[in-house]
Amino acid sequence: MGLGGGFLMTIYNATTGQVSVLNARERAPLKAHKNMFENASSTVGGLAVAVPGELRGYGELHRRYGRLPWADLVRPTADLCRHGHRITEYMGRVLGTHSDRIKAEPSMREAYVNPETGEVWQQGDIVRHPTLARTLDIIAKEGPEAIHNGSLTALLVQDIQGHGGIITEEDLRNYKVVWQEPIEVPVTDQHTLYSVPLPGTGSVLAFMLNMLRGWVEEGTEAPPDSNLYWHRVVETFKYAYGKRTGLGDPTRYDKSNLTYSITELERNLSTPSWAAAYRDLVDDDQTVNDWRHYGGDFEGANDHGTAQIVVVAPDGSAVSVTSTVNYIWGCQRRSSKLGIILNNEMDDFAIPNRKSTYGLPPSPANMLEPGLQPLSSMVPSIVLRNGTVELLLGAAGGTKITTQVALAVRKAIIEGNDIPDTVQRPRLHHQLIPMEVEHEADFSQSVIASLRARGHSTTELARTAGFAAMIVAGRDADGYLVPQTDHRRVGSIDGF
């Protein structure tokens, strides 16, 4: 439960046969303004914190679907914090990487530094979070309003403002979650994918799947995993990320429209014929190394401190949820009174007069404005076949999320790969800027050589260098659900 962040969730209700999206993404504070980061960091410190929505989101989910008492859902996490958890290899590695920053910040040091050694906790150590346990005890008793309009509201605001933030009690009280209609994509004649609309990028996922469908298949010039197949995949990614830069909070020009209806650009991106038309712009023999050719309008969002969960219930209902505090450790600040890691979601907005990491101006569609939600890479998705969950997936890993989910859907549904191979196979990625194909070290070298021959620049990344980590459950040939975590990060599987 990432109390200091937010989430996007795709839900399939097997009883009604309906798919819906719950949007509990963070929002810019009411005191936010477009020039607030002229002389300040948008990634570190309290000013980077957007209004969290996670707890109120889970409260809304419980209100609509919950059967167990709220307290019964919260207490196990409180007990885990109280009694302690073991530091895994992955967490130990991340703590070590950020050791200097953690030790330099008192609010982080008190939770992640071993007082006996003066160093960050190591793999195998048992770590307890008594402050967070007490916070969760209060949330179990008071309910999901404890942070937004309860006994914890003032305490959280005090800590955020103590770190230089501008969030007020009014921001927390006024935060609203939103129910939305999903993006719908026909993957095959029998399979339909449902994913999240804005502020998520399900429409970009739809564009990728639509552009590739029937263009990279058996029986075409580009059969799976051929050199031409991967060239067309990369070109698809580049056009998709060009269109992505035109997306932003759909309420920007109509603050009363909290229904978040699908925008015209999202509708176009989700239309098969519209995406297929872009195939004619692709040269099978060479690429174009100019982002303007692909319609780019500058910056996008990048989520790093993200988690993905998929759940299938006994009645066939399913949930795919992606939760985030944005970067690893969020804004690198913690609420000492409550034990909550604070997000740095404000950095997901385009910031005026500040070039991106890649040297480009900001995108008007995603510009910072009070009360809006920044664009997200998150695409928790569900694929149905005749009213039955066939594939349930999502990922953590910033801008690489959308490309890897698109490839996973293709590999599992269209190309018939088994779920373990779909999740663990080597990966590549292109997001238009930087103008290069990023790939894992064990990706086919002959394919990489063919991409270079077509003019693509390529960069090799280690598997620990940020490639999206997926969580997937999909049906095998016998109809049984096969769950699979990604070895790129620590994950777990449970059931009954």
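Because the structure is predicted, anything quoted here is derived from the model rather than measured. Every heavy atom of this structure was used, including side-chain atoms; hydrogens, water molecules and symmetry mates were not. Quick note: residue numbers are just sequence positions, from 1.
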If the threshold is 4.0 Å, N to carboxylate O, is there a salt bridge linking Lys238 and Glu235?
yes
Is Asp486 salt-bridged to Arg427, going by a charged N under 4.0 Å from an acidic O?
yes
With a 4.0 Å cut-off on N to O distance, would you call Lys34 and Glu369 a salt bridge?
no
Spacing of CZ belonging to Arg267 relative to OG1 belonging to Thr263, to within rounding of 0.5 Å
7.0 Å
Is there a side-chain contact (heavy atoms from CB on, under 4.5 Å) between Tyr294 and Leu281 once you walk through the steps?
CA-CA 9 Å; Tyr294 298 92; Leu281 303 179; over 6 Å; no
Within-4.5 Å side-chain heavy-atom neighbours: Pro199 and Asn23
yes
Give me the ring orientation class for Trp274 and Phe207: parallel if the planes are under 30° apart, tilted from 30 to 60°, perpendicular past 60°.
perpendicular
Residues Ser273 and Thr271: side-chain donor-acceptor under 3.5 angstrom:
no
For a quick test of reading the model, state the closest non-hydrogen atom pair linking Ala48 to Val44 and the distance between them.
CB-N, 4.2 Å
What is the ring orientation for Tyr175 with His148, classed by angle as parallel under 30°, tilted 30 to 60°, or perpendicular over 60°?
tilted
Supply the atom-to-atom distance Thr324 OG1 to Asn344 CG, rounded to the nearest 0.5 angstrom.
8.5 Å
Apply salt bridge (charged side-chain N to carboxylate O under 4.0 Å, His left out) to residues Arg454 and Asp285 and explain how you reach the verdict.
CA-CA 6 Å; Arg454 286 176 165 88; Asp285 297 320; 5.4 Å; no
Less than 4.5 Å apart, any side-chain heavy atom of Arg25 and any of Glu54?
no
What verdict does the side-chain contact (heavy atoms from CB on, under 4.5 Å) test give for His98 and Gln332, after you've listed the backbone C-alpha separation in whole Å, the side-chain angles of each residue and the deciding distance to 0.1 Å?
CA-CA 10 Å; His98 297 268; Gln332 299 174 34; 5.5 Å; no
Without hydrogens or angle criteria, can the side chains of Ser377 and Lys400 be said to hold a donor-acceptor pair below 3.5 Å?
no
Test applied, side chain to side chain contact (heavy atoms under 4.5 Å, CB included); reference residue, Leu193; option that passes from Ile413, Val405, Thr10, Leu205:
Leu205
Keeping the roles fixed (side chain from Asp315, backbone from Ser317), state whether a donor-acceptor pair exists under 3.5 Å.
yes
Crowding at CD, Gln445 (>12 non-hydrogen neighbours, <6.0 Å)
yes
Test: ring-ring contact (aromatic ring centres under 6.0 Å, His included). Region: residues 214-235. Which pairs qualify, not counting sequence neighbours?
Trp230-Phe443, His231-His456
Is there a side-chain contact (heavy atoms from CB on, under 4.5 Å) between Met9 and Val319? Walk through the geometry before answering.
CA-CA 7 Å; Met9 178 184 296; Val319 168; 3.6 Å; yes
For the atom pair CG (Asp171) and CD (Glu26), what is the distance rounded to the nearest 0.5 Å?
13.0 Å
Residue pair Gln431 / Pro434: nearest heavy atoms and the distance that separates them
NE2-CD, 4.1 Å
CD1-CG distance between Ile448 and Leu428, expressed to the nearest 0.5 angstrom
6.0 Å
Tell me if a side-chain donor or acceptor on Tyr480 pairs with a main-chain N or O of Gly474 at a distance below 3.5 Å.
no
How close do Gly371 and Arg27 get, heavy atom to heavy atom, and via which atoms?
O-NH1, 3.2 Å
Should Asp418 and Lys411 count as an ion pair when the cut-off is N to O under 4.0 Å?
no
Between Ser320 and Leu393 the two heavy atoms that sit nearest each other are OG-O, 2.9 Å
Between Gln180 and Leu198 (side chain of the first, backbone of the second, donor and acceptor by atom type, cut-off under 3.5 Å), is there such a pair?
yes
Ser42 and its side chain to side chain contact (heavy atoms under 4.5 Å, CB included) partner, picked from Leu47, Leu368, Asp347, Asp348:
Asp347
With a 4.5 Å cut-off on side-chain heavy atoms, are Val21 and Glu181 touching?
no
Donor-acceptor pair between Thr459 and Glu438 side chains, under 3.5 angstrom
no
With respect to Leu269, which candidate in Asn210, Leu247, Ile183 satisfies the side chain to side chain contact (heavy atoms under 4.5 Å, CB included) definition?
Leu247
Charged tip of Arg63 within 45° of Trp70 ring normal and under 6.0 Å:
no
With rounding to the nearest 0.5 angstrom, report the OG1 to CG distance, Thr306 to Leu8.
10.5 Å
Does the side chain of Gln308 come within less than 4.5 Å of Pro380's, by heavy atoms?
yes
Run the salt-bridge test on Arg410 and Glu217 with the 4.0 Å N-O cut-off and return the result as yes or no.
yes
Run the numbers on Glu440 and Arg488 for side-chain contact (heavy atoms from CB on, under 4.5 Å), then give the verdict.
CA-CA 11 Å; Glu440 292 179 323; Arg488 292 167 181 83; 2.7 Å; yes
Any salt bridge between Glu89 and Arg93, counting N to O under 4.0 Å?
yes
Does a side-chain N-to-carboxylate-O contact under 4.0 Å join Lys243 and Glu266?
no
Parallel, tilted or perpendicular: ring planes of Tyr239 versus His293, cut at 30 and 60 degrees
tilted
Minimum heavy-atom separation for Asn343 and Glu345, please, with both atom names.
OD1-N, 2.9 Å
Could you check if a side-chain atom of Glu221 sits within less than 4.5 angstrom of a side-chain atom of Leu228, using non-hydrogen atoms only?
yes
Okay, side chain of Thr236, backbone of Leu212: is any donor-acceptor separation there less than 3.5 Å?
no
Can you find a pair of side-chain heavy atoms, one from Leu407 and one from His429, that are under 4.5 Å apart?
no
The test is salt bridge (charged side-chain N to carboxylate O under 4.0 Å, His left out); show your working for Arg213 and Asp189 and say whether it passes.
CA-CA 11 Å; Arg213 185 180 176 186; Asp189 292 340; 3.2 Å; yes
Yes or no on salt bridge (charged side-chain N to carboxylate O under 4.0 Å, His left out) for Arg425 and Asp442, after CA distance, side-chain angles and deciding distance?
CA-CA 9 Å; Arg425 67 188 349 259; Asp442 50 353; over 6 Å; no
Could you check whether atom CD of Glu264 has more than 12 heavy atoms from other residues, nucleotides or ligands sitting under 6.0 Å from it?
no
Quick one, Tyr241 and Thr403 - any side-chain contact, counting heavy atoms below 4.5 Å?
yes
Minimum heavy-atom distance Ala396-Ala307, with the two atoms named:
CB-N, 4.2 Å
Quick one: does any side-chain atom of Ser381 pair with a main-chain N or O of Val379 as donor and acceptor, under 3.5 Å?
yes
Out of curiosity, Ile11 CD1 to Ile382 CD1, how far, rounded to the nearest 0.5 Å?
8.0 Å
I'd like to check Val472 versus Leu392 (side-chain heavy atoms, cut-off strictly below 4.5 Å). Are they in contact?
no
